[in-house]
2 protein chains.
Amino acid sequence: MLDPVSRVRRFNRAVTSAVGALDTSFLGRGRPLGAARVLNAIGHGRSDVSEVRDYLGLDSGLMSRLLRSLEDEGLIETQAHEDDARRRVASLTRAGKREFAAYETLSNTQAESLLARNAQAEALLAAMDLIASALTRDRIALTERDPRSDEARYCLREYYAELGRRFKQGFDVSLSRDPDAKDMRRPRGSFIVAMSDTLPIGCIGLKGTDHGYAEIKRLWVAPSARGLGLGKRLMDEAEDAARTLDIALLRLDTNSALPEAGQLYRTTGWREIPRFNDDPYPDLFFEKRL
Amino acid sequence: MLDPVSRVRRFNRAVTSAVGALDTSFLGRGRPLGAARVLNAIGHGRSDVSEVRDYLGLDSGLMSRLLRSLEDEGLIETQAHEDDARRRVASLTRAGKREFAAYETLSNTQAESLLARNAQAEALLAAMDLIASALTRDRIALTERDPRSDEARYCLREYYAELGRRFKQGFDVSLSRDPDAKDMRRPRGSFIVAMSDTLPIGCIGLKGTDHGYAEIKRLWVAPSARGLGLGKRLMDEAEDAARTLDIALLRLDTNSALPEAGQLYRTTGWREIPRFNDDPYPDLFFEKRL
DNA sequence: AGCATTGTCTGACTTTAGTCAGATACAATG
DNA sequence: CATTGTATCTGACTAAAGTCAGACAATGCT
């Protein structure tokens, strides 16, 4: 009843019935669930037939029939892939887009009503983020993004907000050496965002300089994604990016108010060095040779 | 991507595939899901056929056939209900108990592996409790329990622990006027536990005295279940219990370090009165005439 | 060019889930 | 004791999901 396993299982039961309710609402549009799922997968940008099939785990025969039934309804069109005529690419027709939008509205409405029913919506959302990150930890994708992209800017905002909370004196980005976006773009550098499904949950910047080394900047992991080893993965990815850019020496600065960061650097081959810049915030400096 | 609705939907997707995986693992025992669900419902103590049918939402014809197939497998036996021969009662055979235990092991193993994969298991469990409570808020059952039952004692332990955290001077139950269990049993009083599925998430005690009034004691709501109006429901239930016991006057004491409690009393017809006991912890005293 | 491989489609099939209209046996009621 | 109601069961049906073996065309490889 009260042990951890029971609590997980209670959660499973609660969530199973909630998920079942969403499935049921999807049936309200007069189409079997299988066809609805294919339509939605296509609507969400999975145009390649084999991609949809893998995503939904369908047999190729079944997949083909579901496509046919959606075609008969006039909701999708398929054509051969331009590079490989064996592969087929599906797209929504005008009617298909309308139908997809109707499913989106259903999903959004049920999500909104869940939030509206709940007084402590922010706590609920934080709990959902945490669980979703834990469940999809094997599917966290590290992707190179432009440092000015929505995803990157979301991460940076969250990162600055967290520094503001953790530094006694707060954090004002204009006082810090804010790296120029172009220093974190290839070929000078790189910016990597960790995506869990559609949510950015971590980032790291590799900032090129003219001093014979590159800097690691803006390493951030969302609170909901801590404990998954994501910081290490981001760091490894940034080091790989540095190697592809023929960068042999990395430096970074950090603050002793972020002990978990210092710990990570010390255990992954970084060496503490004297201060190498005049940024007012950091008080710890590291270097690593690749 | 980052708005509340997207976060809920990301959670839904993450959880759908995790839950789907559990269903799939249940298929590994060579039995359709429907039959497995019936077997598990019976294993969990739902012996009455109509009870299982309601719980699983099955048509009576389908239910009958699933029972038959489990009987053919030698996993269950059915017999007429002893008070009403129309109703049937199902029970597991020896082989059925083994099979049920195997399903339990599957569920437990997957729950354990989820926890084991995760460094921050306690945070994950807290998030799961919160979400499960929010999703099942319409199914929270208030049930009278013996104050010495496992469920009641779990609630009281949690209650004392919370007081210890919230009182500056801590909380030592031996210094407080700990109500005797028999004062919170009928006919002198009552003890009510709020159950969400199998988890106790709140409690309240009605303690009989010999002074012409009864006291409300040990009103507690689990952190994961706050914001659902559960405190008010527990209080209403305790007042109802008092009425059935012909108690006309209620008193309670509380502490100003628990502002949400004082707020609840003030808005539900309680009147502040002078101190009526010498317990060292409370500093606020209320009375309500029924 | 010849041959194996790949991606999709078709037809024939099975299993699972679910519906619905009686049939049957028992219980409650006046 | 007849009537009405209730719980379950049976038979006949449908829809949906899934499986499997081959067909077919395009592609890749030697």
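Protein chains get the first letters and strands the later ones, always in sequence-line order, with residue 1 at the start of each. The analysis underlying the following values was restricted to heavy atoms, covering all of them including side chains, and did not include hydrogens, waters or symmetry mates.
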Examine dT10(D): is either OP1 or OP2 under 4.0 Å from a nitrogen or oxygen in the side chain of Arg68(B)? Give yes or no.
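Yes, because at least one side-chain N or O of Arg68(B) sits under 4.0 Å from OP1 or OP2 of dT10(D).
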Does this structure show an ion pair linking [X] with [Y], if we count only N-O contacts that are shorter than 4.0 Å?
X	Y	answer
Arg9(A)	Glu104(B)	yes
Arg148(A)	Asp146(A)	no
Asp129(B)	Arg10(A)	yes
Arg68(B)	Glu73(B)	no
Arg233(A)	Asp236(A)	no

Does a side-chain heavy-atom distance below 4.5 Å link Asp150(A) with Arg145(A)?
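A side-chain contact is absent here, since even the closest heavy-atom pair is not under 4.5 Å.
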Sequence neighbours left out, what passes side chain to side chain contact (heavy atoms under 4.5 Å, CB included) with Ser113(A)? Give chain and number order.
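Listed in chain order: Arg117(A).
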Please collect all ring-ring contact (aromatic ring centres under 6.0 Å, His included) contacts where either partner lies in residues 11-36 of chain B, sequence neighbours excluded, each pair once.
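Counting only pairs at least two positions apart or across chains, the ring-ring contact (aromatic ring centres under 6.0 Å, His included) contacts touching residues 11-36 of chain B are Phe26(B)-Tyr103(B).
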Can you pull the ring-ring contact (aromatic ring centres under 6.0 Å, His included) pairs that have at least one residue in residues 49-87 of chain A, sequence neighbours excluded?
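Sorted result for residues 49-87 of chain A: empty, none.
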Please report the distance, rounded to the nearest Å, between [atom1] in [X] and [atom2] in [N].
X	N	atom1	atom2	value
Asp59(B)	dC9(D)	CG	C1'	11 Å
Leu58(A)	dA16(D)	CG	P	15 Å
Asp84(A)	dG28(D)	CG	P	6 Å
Met63(A)	dT19(D)	CE	P	15 Å

Rounded distance (nearest 0.5 Å) linking atom CG of Leu56(A) with atom CZ of Arg37(A):
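Atom-to-atom, Leu56(A):CG and Arg37(A):CZ are 5.0 Å apart.
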Degree of bending in the helix from dA1(C)-dT30(D) to dG30(C)-dC1(D) once both end axes are built from five pairs, to 10°:
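The angle, to the nearest 10 degrees, is 20°.
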What parts of residues 28-57 of chain B reach DNA chain D, counting only heavy atoms under 4.0 Å away?
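Under 4.0 Å from DNA chain D: Val49(B), Ser50(B), Arg53(B).
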Would you indicate which nucleotide in dG5(D), dC9(D), dA26(D) comes nearest to any side-chain atom of Ser64(B)?
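Looking only at heavy atoms from C-beta outward on Ser64(B), the closest nucleotide is dC9(D).
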Which is it for Asp48(B) and Arg53(B) under the side-chain contact (heavy atoms from CB on, under 4.5 Å) test, yes or no, and what are the steps along the way?
CA-CA 9 Å; Asp48(B) 236 81; Arg53(B) 218 179 45 214; over 6 Å; no
Students should find this one: the first and last nucleotides of DNA chain C, 5' to 3', lying under 4.0 Å from a heavy atom of chain A. What are they?
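Listing 5' to 3', DNA chain C meets chain A from dT5(C) to dA12(C).
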